[in-house]
Amino acid sequence: MTDMPDTTLTGDPSHDAPADHGDDAAGYYTPGDPIRDTKAPEGPIDERWQTRKFEARLVNPANRRKLDIIIVGTGLAGASAAATLGEAGYNVKSFCYQDSPRRAHSIAAQGGINAAKNYKEDGDSAHRLFYDTVKGGDYRSRESNVYRLAEVSTNIIDQCVAQGVPFAREYGGLLDNRSFGGVQVSRTFYARGQTGQQLLIGAYQAMERQVAAGTVEQFTRHEMLELVVVDGKARGIIARDMVTGEIQTHLADVVVLASGGYGNVFFLSTNAMGSNVTAAWRAHRKGAYMANPCYTQIHPTCIPVTGSHQSKLTLMSESLRNDGRIWVPKKKSDCEKDPRDIPEEDRDYYLERIYPSFGNLVPRDIASRAAKNVCDEGRGVGPEVDGVRRGVYLDFSSAIERLGRDGIEEKYDNLFDMYARITGENPYETPMRIYPAVHYVMGGLWVDYDLQSTIPGLFVTGEANFSDHGANRLGASALMQGLADGYFVLPHTIRDYLADGPFEKVDESHPAVLEARKSVEDRVTHFLSTSGTRSVDSYHRELGNIMWEYCGMERTEDGLKKAIDLIRTLKDDFWRNVKVLGTADSLNQSLEKAGRVADFMELGELMCIDALNRRESCGGHFRGESQTEDGEALRHDDQFAYVAAWEFAGDGELPVLHKEDLVYTAIEMKQRSYK
Amino acid sequence: MKVTLKIWRQPDAASAGAMHTYELDGVSSDMSFLEMLDVLNEDLIAKGEDPVAFDSDCREGICGMCGLMINGQAHGPEVTTTCQLHMRSFKDGDEIVIEPWRSDAFPVIKDLVVDRSAFDRIIQAGGYISVNTGSAPEAHSVPVPRDDAIRAFNVATCIGCGACVAACPNGSASLFMGAKITHLGELPQGQPERDTRVVGMVAQHDAEGFGGCTNIGECTAACPKEIPLDVISRLNWDLHAALRHGR
């Protein structure tokens, strides 16, 4: 993300007066009581974490083996937590839907991981990383959580190096780092173009060591389908063995969700095929508030859709924008031509034209919206899908002239390779085609400073929670957050909760357990007995289209209300008419997908309501009604400096909105400007 | 284009399997191989037939979950993962034979889905560096020579897909083991456990039922990450050294 000049908001007369910008979501929700974090200690921000760690009660090592912990998800946040808690001596049960913990989608992250090591002596520090992250999040994150993230970032690098993660090195044998996305300090550590893979393998190996040691029990090809809550506390999960279909009860003293993001609500995203919201959503329905679900991140450089058969979108690292020039033809009639036949004067380098000072390096949300606009105008390139061309050129011809083919190969070879494999085109000879795609979600389950949700005993880590990235995540910070949460935060905060344990044993015949099991069994039975006519995928695609169209890069009141109606109609039809063949007691991929899509439908509706309520533009959330004359995002800190924490009130009931006011003591809110 | 697909169908681990033939039309050359199977599955569902079960997740060549024998080659005719294979590698009228990974150590679960948990158990037997969270020294305490770091990275790219096993006539996982042993063995951090690592992993590998290595080289030819054969040399070297040290 480009570091742009800040301008302190000084009363712009046209946006000054009434704090009331209207409540577009009136009638779609019920206002509830405010909510706030009660766990971060008072005092200077740089002392809060040390204080909390000291105040959090300890668990006697001899008692740890009597405490059972369930962790759902084995990505960076889940595997690191499982390894660390297993090493500490707790009994851990780890669940993932894939065949091995190492498949988690953290593995696909390319660019790097941030840490405030300041090896380059260029002015970096925990405070600067904190500042950049809060600002990058457009002042919509909780400052205490973010400061802590910056503080522990350095420990992460130490741990990963010790595990044998093969980070890039300089000639003297020390770690290399680079600046990412135009930030002015060099704080990103990387392992060529697959940092996520290498970090995950480190955490996975540490976790497997604990499996061998007997402290972690691994349940692969198991999907959590329900949370068990007893006397108001999270005490376990109901999981389905995806091979045998067996519905299993797993009880524990505490449950941790590290189940990742919900980008697949858009059907097409850079997420893995199986990435889903089910674990988080079931918890939400049992009382865990869902925070800021409309904050989704769209990445500008992804490989465009080639046809209606498309199953997912592939990300190309943002670093490409450092050397490529983005353009579309000036004339619609030129869009089908070979780009090499289009002369310079007929090319519209639109980012350079609209944003002269930042050009191709404008922030992700700006680049994405600009691409959408030119394609909506009919000047997109590439194949027509459903009658529209959605793609823009990312052209390296001038860079190749400047740096030579070797120079470009050294920097980008694996990316150019991947592009060639997928499209069949050679980016050394013809411009690449790119288009924005959903990539990450800043929204997630609400957690306090201890990473505990509103259900006691339910902790949430990694992308599944909401806390650190505000309305927009910076590049190279997702990896940082996952590992910070799993290695260095959760193990400390969870011990305060477990100090009161082991809790009274819950019997498998307890009514809450039976009720949870029954709800899972009923759902499974229902999907297999509808005698429907439409496949799960076709519903998922339609939901994705609605979300992309009305809750994607630009949101409007009319569009969001329309989307809510469309989703409600689609959801009703889905429950009556979805076609799932086969049986429950075997591997049944359609059945698995049906459950996930059902939860995506409910989430999609809440995302639209959240977007409707937030009548401002911040980070990845852009309301057409809230922009400057130049078309830039316009925040309304006077009315919207809060976290929207949504409470599920029951099927057919309106969700309840609890606001957490964002109070900044260590940083001043400023309006971003890119011109 | 139109293709004829001959696909292994097997209802579950205990039942016998058989090849079934399907005709599929309207296949675009821009489709990925798995998207082509998705299209087949939508057709089958519409006809009321059980769709073909196969594993995939990231669909961008990095998670290692996908893996099909395509016309007798692990991951098909290109050096890439199954999910990154595109239909432009085939032509109109082609017959394509699709099978799961064939290995005693990878039992079939259903259709094209196999159980690769043996790989996790090999890693559990030593494919790690023992360092508890929080006990790590400062990252710059031990410089790593750049060439060693590059060699370690190059073989750390193994995605654990099992193509090496599927391609090997002996069903050996030596390339998989060698990659991990070389990755960790090239780094100073990996030295303290170098002996126990190789002994543990080889013992587990053999117990799982994988075959021995006789230097055929099919594994490295099929590997989507192009892991080189010399990782097996390193495995043998380390094993020999460990035995000499009395492990």
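Since this is a predicted model, take the numbers as computed values, not measurements. In what follows, chains carry the letters A, B, and so on, assigned in the order in which the sequence lines appear, proteins first and then strands, with residues in each chain numbered from 1.
- When each of D30(B), V39(B), N132(B) is checked for heavy-atom pairs under 4.5 Å with chain A, N132(B) comes out on top.
- Closest non-hydrogen pair, V79(B) versus R421(A), comes out as O-NH2, 4.1 Å.
- The part of S590(A) that comes within reach of chain B is its side chain, from C-beta onward, which places non-hydrogen atoms under 4.5 angstrom from that chain.
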Handout entry: side-chain contact (heavy atoms from CB on, under 4.5 Å) evaluation trace for D57(B) with Y97(A)
Key = CA-CA 10 Å; D57(B) 208 20; Y97(A) 68 77; 3.1 Å; yes

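- Note: D55(B) CG to Q98(A) CD = 9.5 Å, rounded to the nearest 0.5 Å.
- Considering only heavy-atom pairs separated by less than 4.5 Å from chain A, the leading option among P137(B), S117(B), P51(B) is P137(B).
- E42(B) places no side-chain N or O within 3.5 Å of a backbone atom of S535(A) that could act as its donor or acceptor partner.
- Minimum interatomic distance between A53(B) and L587(A) (heavy atoms only, all atoms of both residues): CB-CD2, 3.7 Å.
- Interface remark: of the candidates Q163(A), R209(A), R192(A), R209(A) forms the most heavy-atom pairs closer than 4.5 Å to chain B.
- Heavy atoms closer than 4.5 Å to chain B are found nowhere in F189(A), neither backbone nor side chain.
- Contacts with chain A were tallied for A149(B), G190(B), A152(B), A156(B); A156(B) has the most, counting heavy-atom pairs under 4.5 Å.
- Chain B forms more heavy-atom pairs under 4.5 Å with one residue of I157(A), T314(A), L581(A), I422(A) than with any other, namely I422(A).
- Taking 4.0 Å as the cut-off between side-chain N and carboxylate O, D176(A) and R146(B) do not count as a salt-bridged pair.
- Per-residue counts of heavy-atom pairs under 4.5 Å with chain A were compared for P188(B), S29(B), C158(B); the largest is that of C158(B).
- Most heavy-atom pairs under 4.5 Å with chain B: of the set N588(A), L175(A), T306(A), this distinction falls to L175(A).
- Of the two parts of Q218(A), only the side chain, counted from C-beta on, holds a non-hydrogen atom closer than 4.5 Å to a non-hydrogen atom of chain B.
- Interatomic distance, D537(A) CG to N41(B) CG, rounded to the nearest 0.5 Å: 9.0 Å.
- Between the side chain of H183(B) and the backbone N or O of G164(A) there is at least one donor-acceptor pair closer than 3.5 Å.
- Taking every heavy atom of both residues into account, Q194(A) and I62(B) meet most closely at NE2-CD1, 4.2 Å.
- Comparing M418(A), K117(A), H105(A), Q198(A) by heavy-atom pairs within less than 4.5 Å of chain B, the highest count is held by Q198(A).
- In terms of heavy-atom proximity, A136(B) sits nearest to D158(A) at CB-O, 3.4 Å.
- Ranked by heavy-atom pairs shorter than 4.5 Å toward chain A, the options S32(B), S56(B), G48(B), P145(B) are led by G48(B).
- Nearest heavy atom pair, residue Q197(A) against residue T157(B), reads NE2-O, 3.4 Å.
- By number of non-hydrogen pairs under 4.5 angstrom with chain B, the leading residue of N155(A), V165(A), T423(A) is T423(A).
- Interface check for chain B: of the options L200(A), V580(A), V211(A), the most heavy-atom pairs under 4.5 Å are formed by V211(A).
- For R221(A), the part lying under 4.5 angstrom from a heavy atom of chain B is the side chain only.
- Contact annotation: the side chain of T133(B) never approaches that of S80(A) to less than 4.5 Å [non-hydrogen atoms, C-beta and beyond].
- Ranked by non-hydrogen atom pairs under 4.5 Å with chain A, the options G61(B), A139(B), G64(B) are led by A139(B).
- Considering OH of Y128(B) and CD of Q210(A), their distance stands at 9.0 Å, rounded to 0.5 Å.
- Across all non-hydrogen atoms, the minimal contact from Q159(A) to S135(B) is OE1-N, 4.3 Å.
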